[in-house]
Amino acid sequence: MDGYFTNPLHHRLRGRVREFAEREVRPRIPAMEASRTAHRELSRLIARQGWLGATISRDHGGMGAGHLAKTIIIEELSRVSGAMGAMVQASQLGAAKIVHFGNEEQKKSWLPLISAGDCLPTIAVTEAESGGHVLGMAATAVRDGDEYILNGRKVYVGNSHVGDLHGVVVRTGPGSGGLTAFLVESDRPGFSTGEQLPAMGLHGFSFGELFFRDCRVPVRNRLGAEGDGLAVAYSSSVLYGRANLTAVSLGIHQAILDETTRFCAQRHRYGKPLHDLPSIKLKLGKLQSSLMTARLAAYHAVHLLDQGLPCDAELMNAKLINVESAIDSARSAMEIHAAAGLFTDRPIERYLRDALHMFAPAGTSDVQLLRLAEVALDTVKGQWSQRLSETVRLEPAV
């Protein structure tokens, strides 16, 4: 894919992120695995590298580097720690709503802070009772003069416990035109986070609950007009969520292959390295093939996104392929490791746990398949990638 999707600037970016991840992230993994809570210090350190601004224009302090560069950043962090890759992807997802729907004042106020790592943003859409059915949400905002009063609860919010600025979609009226998005600072009265519950994987990352109890938000914090909330939610999920989760899965997938080939070289059976056994060699070949296919799907989708071309289907497919293949490869790797993979002195069991966390966000595999069926049946009503392709102009430099 060199020379087609990536160029020397992308390679230099990859090298910088990889060196940082090995030096700063890998030594902290044991502590994150032990605590199973958000690692605030490391999250801030990563944010200060400027990588949250990958798709923020240089006019607003960002890298102006595009979605492929964003993918490489998340991929390389996730190769070492899925949790920290998830932290960056959630922050960049949180920035997307301002990039595409913020007014000039909001962009000038927040995008430079996000780009510098001084603000970790989130986006909060999902509710416990409605799940992926966005129109089923019940959290509300009621206009009161120059303010809105927010009430309700959001769940599975990436960066919930380290976020500074929450993009919240709530109901201001009935139907699909009754959703509105707001920017809510974490120190605003009436806002609180729930208890951070331990999860199966992604230790070091938080994806918890946000509560709004008569939380007053000024009108100037509204993103777009009343009724734009559905567009904020869907565009963030389609353009950033699917691509970002694809990148996390891709990084984990690469780590699975790296660790498994290393294990097969270290372990010997019948006087030879484990990888000399034909059955093991076949499994390694399958891992390599799956990873190559997954990376091709991922890079192709974000390449189209950077070109401003319609690519909703490619983004769905990339998420589907990368999540499913990472989980499948993790299971195959566990089979190769056998009993040795069950102990935490090796990271392969962590990769399996982390990979499973990529399944539900931005739509499960069944959701992606249902949307792809609409593509096959030519019943798609429109493409978010096409609607927003002209919103921001990104420079090619990294």
Side-chain angles (χ1 to χ4, degrees), residues 18 21-22 25-37 39 74-86 198-205 207 245-298 318-361 364-366:
R18 179 171 294 190
E22 294 291 347
V25 179
R26 193 176 294 280
R28 291 174 165 90
I29 290 176
M32 290 192 288
E33 287 297 304
S35 69
R36 302 178 74 179
T37 58
H39 200 301
I74 299 171
E75 176 191 354
E76 285 301 321
L77 288 170
S78 301
R79 190 184 65 85
V80 173
S81 167
M84 290 300 101
M200 177 176 67
L202 295 185
H203 301 155
F205 174 62
F207 55 105
L245 294 162
T246 292
V248 177
S249 299
L250 181 59
I252 295 171
H253 202 164
Q254 181 67 63
I256 290 167
L257 178 63
D258 292 345
E259 177 62 23
T260 305
T261 54
R262 187 181 304 115
F263 175 80
C264 289
Q266 293 170 347
R267 288 294 174 104
H268 284 67
R269 289 293 183 271
Y270 315 115
K272 295 181 180 180
L274 188 60
H275 58 60
D276 275 5
L277 293 175
S279 59
I280 299 299
K281 190 168 288 186
L282 285 172
K283 286 183 178 290
L284 291 176
K286 176 63 174 176
L287 292 180
Q288 177 67 32
S289 174
S290 295
L291 179 61
M292 292 174 67
T293 302
R295 178 168 284 114
L296 179 60
K319 204 259 181 180
L320 172 70
I321 288 176
N322 274 268
V323 170
E324 291 293 333
S325 62
I327 293 172
D328 287 346
S329 289
R331 176 174 175 173
S332 294
M334 287 291 290
E335 291 173 354
I336 292 172
H337 281 74
L342 302 176
F343 293 91
T344 57
D345 62 327
R346 289 186 175 274
I348 198 67
E349 56 87 29
R350 170 166 61 91
Y351 299 149
L352 174 59
R353 289 186 283 108
D354 289 353
L356 287 167
H357 276 257
M358 299 301 108
F359 180 78
T364 66
S365 294
D366 280 352

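Computed over heavy atoms, backbone and side chain alike; hydrogens, waters and symmetry mates excluded.
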Taking the side chain from [X] and the backbone from [Y], do they hold a donor-acceptor pair closer than 3.5 Å?
X: His268; Y: Gln266; answer: yes
X: Ser81; Y: Ser78; answer: no
X: Asn322; Y: Ala294; answer: yes
X: Ser289; Y: Gly285; answer: no
X: Arg353; Y: Met200; answer: yes

Contact between [X] and [Y] at the side-chain level, heavy atoms closer than 4.5 Å - yes or no?
X: Arg26; Y: Met84; result: no
X: Leu291; Y: Ser329; result: no
X: Leu277; Y: Tyr270; result: yes
X: Met334; Y: Leu352; result: yes
X: Ile280; Y: Arg269; result: no
X: Arg350; Y: Ile29; result: yes
X: Thr260; Y: Ile348; result: yes

Review point. Taking the six-membered ring for Trp, are the ring centroids of Phe207 and His357 within less than 6.0 Å of each other?
Key: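 For Phe207 and His357, the ring centres are under 6.0 Å apart.
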Atom of [X], atom of [Y] and distance for their closest heavy-atom approach:
X: Ala326; Y: Ser249; result: CB-O, 3.8 Å
X: Cys264; Y: Ile336; result: SG-CG2, 3.6 Å
X: Arg36; Y: Ala199; result: NH2-O, 2.8 Å
X: Pro273; Y: Ala265; result: CB-O, 4.2 Å
X: Phe359; Y: Ser365; result: CE1-OG, 3.4 Å
X: Arg267; Y: Ala340; result: NH2-CB, 3.9 Å

Looking at [atom1] of [X] and [atom2] of [Y], how far apart are the two atoms once the value is rounded to the nearest 0.5 Å?
X: Met32; Y: Thr37; atom1: CE; atom2: OG1; answer: 10.0 Å
X: Ile321; Y: Leu250; atom1: CD1; atom2: CG; answer: 12.0 Å
X: Leu257; Y: Met292; atom1: CG; atom2: CE; answer: 11.0 Å
X: Asp354; Y: Ile327; atom1: CG; atom2: CD1; answer: 11.5 Å
X: Glu259; Y: Arg262; atom1: CD; atom2: CZ; answer: 5.0 Å
X: Leu342; Y: Glu349; atom1: CG; atom2: CD; answer: 8.5 Å

Review point. With a 4.0 Å cut-off, would you call Arg331 and Glu335 a salt bridge?
Key: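 Counted as a salt bridge, because a side-chain N and a carboxylate O are separated by less than 4.0 Å.
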Exercise for review: Going by the side chain to side chain donor-acceptor pair (under 3.5 Å) test, name the single residue among Arg295, His253, Gln254 that passes it with Glu75.
Suggested key: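 Answer after filtering Arg295, His253, Gln254: Arg295.
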Exercise for review: Can you label the angle between the His337 ring and the Phe263 ring as parallel, tilted or perpendicular, going by 30° and 60°?
Suggested key: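 Judged by the thresholds at 30° and 60°, the geometry between His337 and Phe263 is parallel.
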Practice item. Please test Thr261 against His275 for side-chain contact (heavy atoms from CB on, under 4.5 Å), starting from the C-alpha separation and ending with a verdict. Key: CA-CA 8 Å; Thr261 54; His275 58 60; over 6 Å; no
